[in-house]
Amino acid sequence: MQLTQSSVGRKIIMAVTGIVLVSFVCVHLLGNSSIFVGADAINAYAQKLHSLGPFVWVFRLVMLAAFAIHIVFGIQLTLENKAATPESNMQVKRLKTGFGAETMIVSGGVIFFFVVYHLLHFTVRVTNPEIYVPLGDQGMVNVYFMMVNGFKGALPVIAYVAGLIFLFLHVGHGIQSLFQTLGLSNDKSLPVMGMFSQLVGFVLLVGYVSIPLLIVAGLIKI
Ligand code: HEM
């Protein structure tokens, strides 16, 4: 497909914002993993984050901007690809490989709705107000109780597992794609990048999914 200069620019920005987002998802998993150590560990981690004050808001704004740009450019590029001539579409099909690659816009859309639901669940705290227990008298929430209580119902567990499967699909192709866009891969290294991409997606899937599943299994409990 003949890429216009502006779509090349947008692809590069998508790659850069993709790096920012996937870095966040990896760091967030590391932070959440402190639940495996125990209630004190995850609560101390949450308290540390909240104590950063204005930096938290700067970080949130950067993340929000990266998320919004990634979504808008992703939609634009998908529409451009669809509007391309039949011949160039055939070429695009040949270049793309696998289910993850073909469904990036769908998995991206599901992740968007997952993140909105997740923020309403744990950050804005409106979907399940019954799961919150205060910690101390500084207006903090007991994050350990919130997580364990938050995965008591079947619905949130199903929503998280489904959302995380789509995250696996998206990241599993996205990392390989960004290496290609940034010119960091060639014909020889591309399959290795593909495997690396799938591996990162898989580690994220197993790491994240194990939190609700261990809670459901009663291995993480109050
Ligand atoms: C089992 C999976 C997950 C669990 C248990 C989890 C847990 C949490 C918790 C407890 C918070 C609130 C922290 C606090 O206010 O103290 C939070 C915030 C957040 N999570 Fe997750 N998370 C999960 C997966 C994800 C994924 C896959 C994404 C992104 C795709 C994500 C994105 C966010 C964002 C953007 C915030 C808001 C951060 C902020 O307040 O600045 N989470 N998560």
Side-chain angles (χ1 to χ4, degrees), residues 17-37 39-68 70-71 74 104 107-129 131-136 138-153 155-172 174-175 200-217 219-220:
T17 49
I19 294 173
V20 172
L21 294 169
V22 93
S23 306
F24 166 78
V25 174
C26 292
V27 172
H28 189 47
L29 175 59
L30 278 179
N32 283 341
S33 300
S34 52
I35 195 170
F36 301 128
V37 180
D40 289 347
I42 185 100
N43 283 329
Y45 167 70
Q47 239 164 335
K48 181 97 207 136
L49 280 188
H50 287 270
S51 72
L52 298 176
F55 290 109
V56 175
W57 280 102
V58 173
F59 170 77
R60 282 174 170 164
L61 286 176
V62 172
M63 293 309 302
L64 187 66
F67 197 45
H70 195 80
I71 292 169
M104 285 302 273
S107 52
V110 175
I111 293 167
F112 171 78
F113 287 109
F114 166 76
V115 170
V116 171
Y117 166 65
H118 178 48
L119 292 180
L120 295 175
H121 190 207
F122 282 160
T123 303
V124 189
R125 297 162 188 165
V126 292
T127 59
N128 298 78
I131 67 177
Y132 310 112
V133 178
L135 182 73
Q138 309 284 311
M140 288 289 302
V141 161
N142 188 321
V143 172
Y144 182 82
F145 275 41
M146 175 177 87
M147 277 160 80
V148 176
N149 287 334
F151 291 122
K152 273 195 176 143
L155 211 71
V157 175
I158 293 168
Y160 274 73
V161 172
L164 293 165
I165 289 173
F166 283 96
L167 179 74
F168 160 66
L169 283 175
H170 202 79
V171 172
I175 294 180
V200 175
F202 186 70
V203 169
L204 289 173
L205 175 66
V206 173
Y208 273 119
V209 151
S210 62
I211 298 173
L213 294 189
L214 288 177
I215 290 172
V216 169
L219 294 171
I220 300 176

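Just follow the structure's listing: the first ligand is 1, and inside any ligand the first atom is 1.
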Just wondering, are more than 12 heavy atoms of other shown residues or ligands nearer than 6.0 Å to [atom1] in [X]?
| X | atom1 | result |
| --- | --- | --- |
| F166 | CZ | no |
| F36 | CZ | yes |
| L155 | CG | no |

Considering heavy atoms of the protein only, find what lies nearest to [atom] and give residue, atom and distance to 0.1 Å.
| atom | value |
| --- | --- |
| atom 18 (C) of ligand 1 | T123 OG1, 3.5 Å |
| atom 30 (C) of ligand 1 | V115 CG2, 3.7 Å |
| atom 36 (C) of ligand 1 | L119 CD2, 3.6 Å |
| atom 5 (C) of ligand 1 | M147 CE, 3.6 Å |
| atom 24 (C) of ligand 1 | Y208 CE2, 3.4 Å |
| atom 4 (C) of ligand 1 | N32 ND2, 3.5 Å |

Contact with ligand 1 for [X], non-hydrogen, under 4.0 angstrom:
| X | value |
| --- | --- |
| F114 | yes |
| L204 | no |
| F24 | yes |
| R125 | yes |

Just so I know, are the side chains of [X] and [Y] near enough to count as touching, which here means a heavy-atom distance under 4.5 Å?
| X | Y | answer |
| --- | --- | --- |
| L205 | I165 | yes |
| M147 | I220 | no |
| V171 | V25 | no |

For ligand 1, which part of [X] has a heavy atom less than 4.0 Å away: the side chain, the backbone, both, or neither?
| X | answer |
| --- | --- |
| M146 | side chain |
| F59 | neither |
| L21 | neither |
| L49 | neither |

### Query
If you measure every N/O of Y160 against every N/O of ligand 1, is any gap under 3.5 Å?
no
Those atoms of ligand 1 less than 4.0 Å from some heavy atom in [X]:
| X | value |
| --- | --- |
| P212 | 1 (C) |
| R60 | 39 (C), 40 (O), 41 (O) |
| L164 | 27 (C) |

#### Entry: F122 and H118 aromatic centres sub-6.0 Å
yes
### Query
Less than 6.0 Å separating the ring centroids of F114 and Y160?
yes
#### Entry: Minimum non-hydrogen distance to atom 16 (O) of ligand 1, winning option of M63, K48, H50, M140
H50
### Query
Which of these passes side-chain contact (heavy atoms from CB on, under 4.5 Å) with V148: F145, Y144, F151?
Y144
### Task
Locate the shortest heavy-atom distance separating V20 from A66; write the atom from each residue and the value.
CG1-CB, 4.0 Å
### Summary
For Y45 and V27 the tightest heavy-atom approach is OH-O, 4.4 Å
### Task
Answer yes if a protein heavy atom lies under 4.0 Å from atom 2 (C) of ligand 1, otherwise answer no.
yes
#### Entry: Sub-4.0 Å protein heavy atom next to atom 10 (C) of ligand 1
yes
### Task
Report the angle formed at atom 21 (Fe) of ligand 1 by atom NE2 of H118 and atom NE2 of H28, rounding to the nearest 10°.
170°
